[in-house]
Amino acid sequence: MATKAIALVAASILAVIAGEISQAEAANKELKIGFVGVTSGPAAAWGTSNVRSMQTRAAWLNETGGVKIGDTTYDINIVSFDDQKDPKRAIAGMEKMAQEGIHYVVGPNVDDGAAAVRPVAEKAGIIYFPYAFPKELYVTPASNAVLGMIASYQSGPAIYKYLKDKRGVKTVAFVAANESDPLSQRDSGVAAAKALGLQVVAEKDTYQNDTRDFTPVLTPIVKLKPDLLVLSGVAPANAPLLIRAARELGYKGLISTETAQDAKVLQEGAGELANGFISVGGASTPEIRSPAMNEFIDRYTKMFGEYNDESNTKVYALEYILETLKANPKAIDNVEEFKRTMDSFSAPNPFMIGDNKLRYVGSTSFGQKRQVAVPMVVNEYSDGKFKTLFVGEVD
């Protein structure tokens, strides 16, 4: 009896061990995808929409069994780092990603940060998807950065032409924060406006990014009575303050920007004074959203209690990374394989109706495919919500 009991116990132990081994073999491997960007301060909305989009999509994919890349199925783990819009911290964030063996990173969100991390990314073998516009990040010899959105020098001309043709705009004034990112966007905007035959009546006016009273900045511009006031590279927290100051000074013309904005921030900071404000929106409108996009918005809202329209664009970076890895599993730990795949890459776009494809573009702007193809949606703010003004695309 004792021998039989021992045998039964031993058999039970072996069964448990076998079960644990089976479960271990069945468990998905982990694939870390990084985020380095701003999630605090005046520009926090830009990075927050990034990382929340990634977290929402990763949780969704993991919940439904993970992502199969080659013969291996992975759970996606988002590793995030707040660079506080500081280039030095962005470098530290990218170094953290390298130390953790992460090869694919979303961000940074501004020009200085994206330029600062380039040496680290190239040395460590990291492909990164910045939301920054300097062309030198995307033209040869650079090859590790992939623009994650529409650039201001792509959307600016489209906005100005639309307003010239549809709203009769003839004169334009520009104002920008005294930082490299918005100043660069201002310069490209001025060039685009002049190329369209618009008269630029102000192009040198600047302000410090921590300004809270914009009346002195805008008073001389408002006196010029431009048809269009462009807030170049404006941070979401500053946009309503500038809009309110301009309107309270009696400005009656149009106001626009080429940076994405947050409807909730506009509503809280400027209210109805922000009505008519034109900005680049997320890469989706109700008319072109697929059921998957609607589910993404629903999941995001449930996870975080609110939704940011900019996440209509920010949802794409993680999707591009994963779908490109599916197309070439060798790229899991070899970014050169990823680069080789980009030129011919194409996959169904899960977030749009119809036969739209995920593909890399940028040949016209950069001479190589270093930009994700997302719709260029331009919005007009009205009573707490963005309404689609028009939709375009870039090559």
Side-chain angles (χ1 to χ4, degrees), residues 23-39 46-84 89-109 113-114 116-131 143-146 148 296 299-300 303-304 311 314-342 345 347 350 358 372:
Q23 288 178 4
E25 289 176 345
N28 293 345
K29 291 187 68 174
E30 179 184 70
L31 176 60
K32 293 181 179 180
I33 304 293
F35 166 76
V36 175
V38 55
T39 57
W46 291 339
T48 299
S49 65
N50 256 136
V51 72
R52 286 181 174 181
S53 296
M54 297 171 72
Q55 291 166 341
T56 300
R57 185 61 173 152
W60 184 3
L61 292 169
N62 294 344
E63 177 188 314
T64 53
V67 178
K68 188 173 183 180
I69 299 172
D71 295 328
T72 306
T73 301
Y74 297 86
D75 283 335
I76 309 304
N77 178 11
I78 305 301
V79 180
S80 65
F81 185 95
D82 177 15
D83 66 18
Q84 300 175 9
R89 281 189 57 82
I91 293 171
M94 195 63 81
E95 288 174 341
K96 169 185 167 67
M97 300 301 154
Q99 291 165 4
E100 295 202 23
I102 295 171
H103 290 286
Y104 300 96
V105 175
V106 176
N109 301 100
V117 303
R118 178 182 168 186
V120 178
E122 292 179 348
K123 182 179 179 180
I126 293 174
I127 294 286
Y128 66 112
F129 288 67
Y131 296 78
S143 63
N144 284 44
V146 182
F296 168 77
R299 285 174 173 268
Y300 184 116
M303 280 186 72
F304 302 106
S311 291
K314 300 296 177 62
V315 68
Y316 276 98
L318 178 61
E319 204 73 19
Y320 268 89
I321 292 169
L322 297 177
E323 289 298 325
T324 307
L325 293 177
K326 286 183 187 179
N328 184 357
K330 293 179 182 178
I332 279 284
D333 53 12
N334 185 340
V335 300
E336 295 305 316
E337 291 288 344
F338 192 97
K339 294 176 190 177
R340 277 191 279 273
T341 306
M342 291 171 68
F345 170 78
L358 301 178
V372 301

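Source: prediction; values computed, not measured.
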Residues 63-73 side chain polar contacts: donor-acceptor under 3.5 Å, at least two apart:
from: Glu63; atom 1: OE1; to: Arg299; atom 2: NH1; distance (Å): 3.1
from: Glu63; atom 1: OE2; to: Arg299; atom 2: NH2; distance (Å): 3.2
from: Thr64; atom 1: OG1; to: Trp60; atom 2: O; distance (Å): 3.0
from: Thr64; atom 1: OG1; to: Leu61; atom 2: O; distance (Å): 3.1

(request) Decide if the gap between the ring center of Phe129 and the ring center of Tyr316 is smaller than 6.0 angstrom. (result) no
(message) Here's one to test your reading of the geometry: is the NZ or CZ of Lys314 within 45 degrees of the ring axis of Tyr131 and under 6.0 Å from its centre?
(response) yes
[X] side chain near [Y] side chain, heavy-atom distance below 4.5 Å:
X	Y	answer
Met97	Val79	yes
Leu325	Ile332	yes
Phe304	Thr56	yes

(request) Output yes when Arg118 and Glu122 qualify as a salt bridge under the 4.0 Å nitrogen-oxygen rule, no when they do not. (result) yes
(message) Looking only at side-chain N and O atoms, does Tyr300 offer a donor or acceptor that is under 3.5 Å from a partner on Ser311?
(response) yes
(request) Establish, from distance only, whether the side-chain atoms of Asn77 and Glu30 form a donor-acceptor pair under 3.5 Å. (result) yes
(request) Report the residues that fulfil ring-ring contact (aromatic ring centres under 6.0 Å, His included) with Tyr320, sequence neighbours left out, ordered by chain and then residue number. (result) Tyr360
(request) Decide if atom NZ of Lys96 counts as having more than 12 heavy atoms of other residues, nucleotides or ligands within a radius under 6.0 Å. (result) no
(request) In sequence, state the C-alpha distance, the side-chain angles, and the governing distance for Met54 and Ile33, and then conclude on side chain to side chain contact (heavy atoms under 4.5 Å, CB included). (result) CA-CA 9 Å; Met54 297 171 72; Ile33 304 293; 3.8 Å; yes
